2 protein chains.
Amino acid sequence: MAAKLTNSTKSELFAAKKRHVTSYDVAQYAGVSQSAVSRCFKSGGSVSRKMRERVMKAVEELGYQPNAIARGLITRRSNMVAVIVSNLNYYPEVLSQLSARFTERGVHVLLFTLDQESDVGRILDQVWQYQVDGVVVAAHLAPGEIEAFNKRNVPLVFYNRAYSDIPVSSVSCDQVEGQRILVNLLVKNGSHKSFAVVSGPADSVVSMQRTREAMNRLHDLGIEDIVQVSGDYSYDSGRDAVDRVMAQRGALPDAIICANDMMAFGCMDQLRYGYDLRVPEDVSVVGFDGVRAAGWSSFNLVTIQQPVDRMAEAAVQMLLDRVENYVLPPEKRIFSGVLRNGATIRN
Amino acid sequence: MAAKLTNSTKSELFAAKKRHVTSYDVAQYAGVSQSAVSRCFKSGGSVSRKMRERVMKAVEELGYQPNAIARGLITRRSNMVAVIVSNLNYYPEVLSQLSARFTERGVHVLLFTLDQESDVGRILDQVWQYQVDGVVVAAHLAPGEIEAFNKRNVPLVFYNRAYSDIPVSSVSCDQVEGQRILVNLLVKNGSHKSFAVVSGPADSVVSMQRTREAMNRLHDLGIEDIVQVSGDYSYDSGRDAVDRVMAQRGALPDAIICANDMMAFGCMDQLRYGYDLRVPEDVSVVGFDGVRAAGWSSFNLVTIQQPVDRMAEAAVQMLLDRVENYVLPPEKRIFSGVLRNGATIRN
DNA sequence: CCCATCTATGACTTCGAATGCAATTTTTTT
DNA sequence: AAAAAAATTGCATTCGAAGTCATAGATGGG
């Protein structure tokens, strides 16, 4: 068995020696320096064609992949961003879009989910420890927590939370405008006279914005007959809301305005299957968000659709811009939502 | 201005010097060695009470957080796992569960999404580069790609893909058993005679398993009147399926068996709102997965619910076990699904 | 009170890739 | 052909935390 070793066996022996193949291994195998290997992986690196070929051959044969952790340590760029989402279930599309767009740009996503108010502080500590280049937050943060990002020079972009009083970047959908469109539609085109407004969780800024605007706008239009009940964004809470409106008011209103689509589905189902009413003939229901199911024939929900793809793109772009150049001033981008199924409203 | 510096100003000056506070900074500030600081962050580290207090005081004042990247480099443990999912939209709960459970155990999730067959090879290269401790895959991989995990000693657990012929760990739901329950229910309890089977995408192993079992089981029970059409797991393809069944068969069958819930919703809506039929009175529709909306009153979909929480827990546990001890033999865990809304089937 | 036994601590090295700088080779210019 | 300029290459250092080892200090037994 003194036969000449083939390249393939050689490289296998080589690889077996240690767990991971490092740039030193490649260098040694190719008979060059480690620096040369490193430079081959850097675009614009000063390497001759011959050298590059030699190195790449060794890379192929050893199955070398640069260690992103080590690279991150020296370059102080992890090429990772953290995405912090509070409620993955309601907005899968958002995460999907963000992930795809970051990946497309060679940036990796470290995912953090906040279940019913897990300790945000602890999550943020993890974020600092992992040296992410930036963070997209689709959840609520306290002012002090936002301040921590500045202190550490970590770019931050909020998704769908606009802090009007703090200089911080955000991408959001115009809740006020959208809600106004819905209310106008119901009152002016639909001549609805009595209303119920179903708010979302009290700690959701977005929900509060939507609900407040709905109430304000209704008052502005001279509507007095309004009951307000609160939910938690879930389907079930939408169903409960109908019961509670019934209990409070004795009868159902002409229209129910929900702070999101999910609760609107709950309302519709409870009206139809709990009270045997027709929607929209007997009662109108409107939601907010424009999730997929809003377009299903069962619902044809009147809602404001958030332009998720454009918002995600904006968030990704803004974040990465600030990663490149972190002195860029914060910017708030507000997209208009689009009315869906507006024609199905009762006249 | 020769006043004595307060601790707070001191620490601020200190922090301003460099971007990141390192363990050396803490050591210098506390007047101890870097090793001591490191030991304070290691459970079971040999440190006196006095030392620990001194260090922790400095840590607090400087806002020090250990650099997980540097730690990962030396310990060869990144405390990160990769989660690769193909279709985020359909199974948000899975990701949500996985993420929560990993986080709970101090493990972080690097998310990779595969949109319509993005280059899996490239994704895997990224996975290797980031030195993740393990990978959960909820997508299809080629045998060669699976082999790469072994070569690199990276633990791998498949979620909801059982490769019967390859020794690899997986967690899945018993498709065959579940489908059999559904077919039995329809044929024996419901005395349905004619069927349509709507399959999912051709490249989905799970879809093929479900569809094949449905066909087999129907044949075994002596059913001959079956048409098969294919969809892509989407709501819209469920609607189309109804049209195609109608075109092929001239009339609608007694029951439609869909490879997932989403298509079942599409079928129901098309039957009800496109053909003005009643479900389940005129036509029965069954799905598979047991997503949230299956429980909504609009649908009350007969389906097999996957025990997502238990499956996610199992996947997390199995993966982390193999991270601790990577010579553990691969294991396949198959959970039984649970019939939902079975009582709503037409007799 | 001295030597043995621990405990606590710090100096130094390591992980793997990137980079400044100097040395070398190649190319260009005169 | 010599000198100058440019392109390559390697050496040595760096990033930040962890672990090894040797030593200073504390404790205890006789």
Side-chain angles (χ1 to χ4, degrees), chain A residues 14-15 17-56 58-59 62-80 125 128-133 152, chain B residues 15 17-56 58-59 62-79 125 128-133 152:
Chain A
F14 208 102
K17 260 196 287 186
K18 313 164 72 177
R19 286 254 167 296
H20 297 280
V21 181
T22 74
S23 61
Y24 280 100
D25 297 332
V26 174
Q28 189 182 330
Y29 187 79
V32 301
S33 76
Q34 179 268 330
S35 324
V37 178
S38 172
R39 271 189 284 262
C40 286
F41 280 84
K42 190 193 175 185
S43 67
S46 169
V47 213
S48 65
R49 209 172 51 79
K50 248 174 85 178
M51 168 71 85
R52 165 159 276 128
E53 279 165 7
R54 247 173 102 179
V55 170
M56 284 312 174
V59 165
L62 300 181
Y64 168 73
Q65 291 287 143
N67 182 326
I69 298 291
R71 171 184 291 165
L73 183 58
I74 187 75
T75 61
R76 299 155 156 291
R77 268 292 177 85
S78 63
N79 269 312
M80 296 191 297
D125 285 351
W128 309 142
Q129 295 190 5
Y130 275 85
Q131 317 293 120
V132 296
D133 297 335
R152 293 173 190 269
Chain B
K17 259 199 285 187
K18 311 165 75 179
R19 288 258 165 293
H20 297 280
V21 181
T22 73
S23 61
Y24 280 99
D25 298 332
V26 174
Q28 187 181 333
Y29 187 77
V32 300
S33 76
Q34 179 266 330
S35 318
V37 177
S38 173
R39 271 191 287 263
C40 287
F41 280 85
K42 190 192 176 185
S43 66
S46 169
V47 213
S48 66
R49 209 174 49 80
K50 248 176 84 179
M51 169 68 88
R52 166 159 275 127
E53 279 167 6
R54 248 173 101 180
V55 170
M56 285 311 174
V59 165
L62 299 181
Y64 170 73
Q65 291 288 141
N67 182 327
I69 297 291
R71 171 184 291 164
L73 184 58
I74 186 78
T75 61
R76 298 155 157 290
R77 268 289 177 86
S78 64
N79 269 311
D125 285 349
W128 310 141
Q129 296 190 5
Y130 276 86
Q131 317 293 119
V132 296
D133 297 335
R152 293 172 190 270

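Only a predicted model underlies this, so the values are computations on that prediction, with no experimental measurement involved. Worth knowing before you read on, the calculation uses all heavy atoms, side chains too, and leaves out hydrogens, waters and symmetry mates.
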Please confirm whether the shortest side-chain N or O distance from [X] to OP1 or OP2 of [N] is below 4.0 Å.
X	N	result
B:Thr22	D:dG16	no
A:Ser23	C:dA17	yes
B:Arg76	C:dG16	yes

What integer distance in Å separates [X]:[atom1] from [N]:[atom2]?
X	N	atom1	atom2	answer
A:Arg52	D:dA7	CZ	C1'	14 Å
A:Gln131	D:dC15	CD	P	14 Å
B:Trp128	C:dG16	CH2	C1'	19 Å
A:Asn79	C:dA18	CG	P	11 Å
A:Lys50	D:dA7	NZ	P	19 Å
A:Leu73	C:dA18	CG	P	11 Å
A:Tyr130	D:dA17	OH	P	13 Å
A:Arg49	C:dT26	CZ	P	15 Å

Sequence-aligned protein contact record of nucleotides 18-27 of chain D, with B where the base is within under 4.0 Å of a protein heavy atom and S where only the sugar-phosphate is: BB--------

For [X] versus [Y], what's the shortest heavy-atom pair and its separation?
X	Y	answer
A:Arg54	A:Ala30	NH2-O, 2.8 Å
B:Val21	B:Val26	CG1-CG2, 4.2 Å
B:Leu73	A:Ile69	N-CG2, 3.9 Å
B:Gln65	A:Asp125	OE1-OD1, 3.4 Å

Would the B:Tyr29 and B:Tyr64 ring centres measure less than 6.0 Å apart? no

Work out how much the helix from C:dC1-D:dG30 to C:dT30-D:dA1 bends between its end axes, five pairs an end, to the nearest 10 degrees. 40°

Backbone N or O of [Y] within a donor-acceptor pair of the [X] side chain at under 3.5 Å?
X	Y	value
B:Ser78	B:Gln131	yes
B:Thr75	B:Arg71	yes
A:Arg52	A:Cys40	yes

Holding to side-chain hydrogen bond (donor to acceptor under 3.5 Å, both in side chains), I want the full list of residues that pass it with B:Glu53, two or more places apart in sequence or in another chain. B:Arg49

Return the nearest nucleotide to the side chain of B:Asn67; candidates are D:dA17, D:dC11, C:dG10. D:dA17

